[in-house]
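Everything below concerns the one structure shown next.
Only heavy atoms go into these numbers, but all of them, side chains included; no hydrogens, no water, no symmetry mates. From a predicted model like this one, the values you see are computed outputs, not experimental measurements. Reminder, nothing fancy here: chain letters follow the sequence lines and each chain counts from 1.
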Amino acid sequence: MATPARLSILDHPILALLGKLRTLPHVQQAHAHLVVSGLVRHSFPPSKLIQVLLSLPSTSSLPYAHLLLLHSPSPNLFSFNSLIRALPFPSSLLLFRGLLRSPLLLPNNYTLAFALHACCFCSSRAEGEQLRAQSLRRGLESSVFVHNVVIKMYSCLGLLQDARKVFDEMDERDLFSWNSLMAGYVGVGDVRMAREVFDDMPERDVVSWSTVIAGYVQEGSFTEAMELFREMQLAGARPNEFTLTTVLAACSNLVALEQGKWIHMYIDKAKIKMNDRLLAALIDMYSKCGDAESALRLFNSADNALKSSIRPWNAMLSGFAIHGLSEAAIQHFERMKMENIAPDKVTFVSLLNACSHGRLVDKGRLYFESMKSIHGIDPEIEHYGCMVDLLGRAGHLKEAEEFIKSMPVTPDTAIWSALLAACKIHRDTVMGDRIGKLVNNSEPENLGCQVLLANIYSSSGRWVDAKDVRKNMGITGRRKTPGCSSIELDGMFHQFFVGDRSHPQTKQIYLFLEEMYTKLKMAGYVPEIGEVLLDIDGEDRETVLSRHSEKLAIAFALMNTPPGTPIRIVKNLRVCGDCHHATKFISKVYERVIIVRDRIRFHHFEDGFCSCKDYW
DNA sequence: CTAGGGTTAG
């Protein structure tokens with residue numbers, strides 16, 4: 001059959017339309033036309049269709065494009081390259097091998113770069129090595145571009161020495177080379193090396209700064225992250241939405257509300273492009289800095305387009321959960337479903353946490369069941385952990401233990417800690433004893449559980465047993481994380497450890513504490529000395545309690561802020577029973593709102609009451 | 001008509 005318009009194929013009226021197609025059904029119609037008209041046998045029309053398909057958001061357009069390529073009688077290199085780039089591993093590499101077998105097409109440097117990039121997802125280096133050899137043979141590796149992909153490939157495989165070697169041997173490096181190497185070090189958790197590379201760079205762009213800042217955040221060095229962000233501004237580099245998302249995460253962790261607010265203002269003022277991650281980071285920052293109202297205001301006023309992403313929803317849900325606003329969390333979740341946002345596993349962690357903090361045992365059970373049956377999400381260990389916490393904390397200790405036995409996954413530290421914590425709350429020393437010993441035998445290095453066990457013993461007066469556990473802990477040679485509370489005052493952070501005497505105002509703080517205790521006792525406060533682990537006299541135990549980091553921080557705040565100012569404290573551990581009890585009295589006696597963020601959630605103390613209703 | 005680096009909720 002003769003092709004009627006062989007010479008004027010590019011003038012065919014249908015070709016002008018191909019580039020304008022915007023939906024999958026339209027592409028399918030056009031495809032049918034190409035088949036009927038015979039145009040599908042040429043290389044350009046299917047190539048154009050593939051290009052259009054790859055730009056469509058629909059998830060089925062990628063497999064469709066793949067099939068179109070495989071069925072094209074004369075596909076071009078451009079189509080191969082685009083698809084090798086777009087397909088997931090290992091389809092990408094299979095397509096690349098298919099291309100190598102084709103006698104008509106020779107791979108170019110694009111092809112090799114995309115194929116090398118696919119090797120990031122290989123479990124072994126063999127595939128990548130082979131491709132490198134190939135690119136050398138074809139004389140393609142001389143390009144900086146291909147070298148940079150090789151650096152990334154080695155980094156993805158965790159082979160930083162190899163990545164470094166390629167970098168060192170390059171005779172020409174650009175910003176991408178430096179940034180890829182730094183990202184490689186960050187990826188394997190070696191932020192120190194990343195920083196060294198950063199310091200050696202001849203020039204830096206926003207990605208260079210963001211990469212190291214993100215590295216600090218990932219390893220939990222939030223202060224270093226903030227410091228580098230400050231240096232970035234001094235250097236005159238303009239942060240973008242990536243940078244700010246990361247810096248906001250640092251603010252959240254440091255409870256740096258003032259700096260977080262500054263970033264929010266900066267985003268508006270500098271017209272930083274808002275996206276779902278940045279919005280979620282802002283919501284998270286306000287929540288984690290104790291300002292749940294601002295978080296909600298921001299979420300409610302956010303653009304609907306941004307709320308088609310699950311991130312802002314999850315950030316808000318987690319905010320409700322950590323603030324103990326269980327009913328609001330559940331309403332939020334129901335609203336989410338109404339808006340057709342499909343919940344994911346993160347959603348359920350927050351939702352179950354919210355149920356746990358609100359003692360909503362039945363609701364929690366139902367939601368847990370619905371994960372698999374309605375939403376098709378397999379519960380993971382975190383979700384099982386939430387359930388153990390929910391059941392145990394509400395006093396269903398037996399059920400919690402049975403639940404652990406029936407789990408399809410091996411219980412981890414978090415699960416045992418949740419059960420032990422429940423034993424402590426409900427004073428079940430028999431179960432606590434049994435579980436504690438069980439964990440002790442299988443994981444002797446698990447200090448968290450041993451602390452809990454010692455706590456269980458001492459709160460029931462079994463001093464000898466408590467002492468034994470502590471002695472064993474000493475043998476393992478590691479120390480428990482000390483309690484630490486911090487507070488932001490005029491943009492400066494003040495840290496307090498238990499019995500800390502390092503603060504410049506120590507003398508005044510301790511004097512203030514004595515006076516505070518007198519006032520609290522007059523208002524009816526009785527210390528909960530069962531919280532003290534040590535076998536010492538009652539009066540001394542009271543002294544130990546009075547020097548808990550949280551009380552030092554509150555005393556410092558009361559001394560240094562005007563009456564009526566809310567006090568925001570962040571603790572690295574759970575708040576202890578006595579501190580909780582005392583803080584309620586402090587909020588009443590000193591007429592202050594005190595917001596304490598502990599390791600798990602917030603406590604809002606006001607007028608003698610706490611938002612957790614003494615259930616935490 | 002295609003390139004390579006950085007964001008990630010509990």
With sequence neighbours excluded, what pairs up with [X] under the ring pair (Phe, Tyr, Trp, His ring centres under 6.0 Å) test?
X	value
F242(A)	none
H31(A)	Y64(A)
Y266(A)	W262(A)

Side chain T211(A) and base dG6(B) donor-acceptor under 3.5 Å:
no

By salt bridge (Lys or Arg N to Asp or Glu O under 4.0 Å), R132(A) pairs with (sequence neighbours left out) E141(A)

Can you list every ring-ring contact (aromatic ring centres under 6.0 Å, His included) pair that touches [range], not counting sequence neighbours?
range	answer
residues 273-304 of chain A	H264(A)-Y286(A), F299(A)-W313(A), F299(A)-H332(A)
residues 144-169 of chain A	F167(A)-W178(A)
residues 187-220 of chain A	F198(A)-W209(A)

So the side-chain hydrogen bond (donor to acceptor under 3.5 Å, both in side chains) pairs with at least one residue in residues 91-100 of chain A (sequence neighbours excluded) are R97(A)-E127(A)

Could you give the side-chain donor-acceptor pairs of residues 43-55 of chain A under 3.5 Å, partners two or more places apart or in another chain?
{"unit_1": "S47(A)", "atom_1": "OG", "unit_2": "N76(A)", "atom_2": "ND2", "d": "3.4"}
{"unit_1": "S55(A)", "atom_1": "OG", "unit_2": "V52(A)", "atom_2": "O", "d": "2.7"}

DNA chain B-proximal residues of [range], any heavy atom under 4.0 Å:
range	value
residues 342-358 of chain A	D344(A), V346(A), V349(A), S350(A), N353(A)
residues 311-324 of chain A	R311(A), N314(A), S318(A)
residues 222-246 of chain A	N240(A), F242(A), T243(A), T245(A), T246(A)

Could you check whether the rings of F333(A) and F348(A) sit parallel, tilted or perpendicular, using 30° and 60° as the cut-offs? perpendicular

**Prompt:** So what does H117(A) hit on the nucleic acid, given a heavy-atom distance under 4.0 Å: a base, only sugar-phosphate, or nothing?
**Reply:** sugar-phosphate

Just wondering, do Y110(A) and dT2(B) stack (centres under 5.5 Å, planes under 30°)?
yes

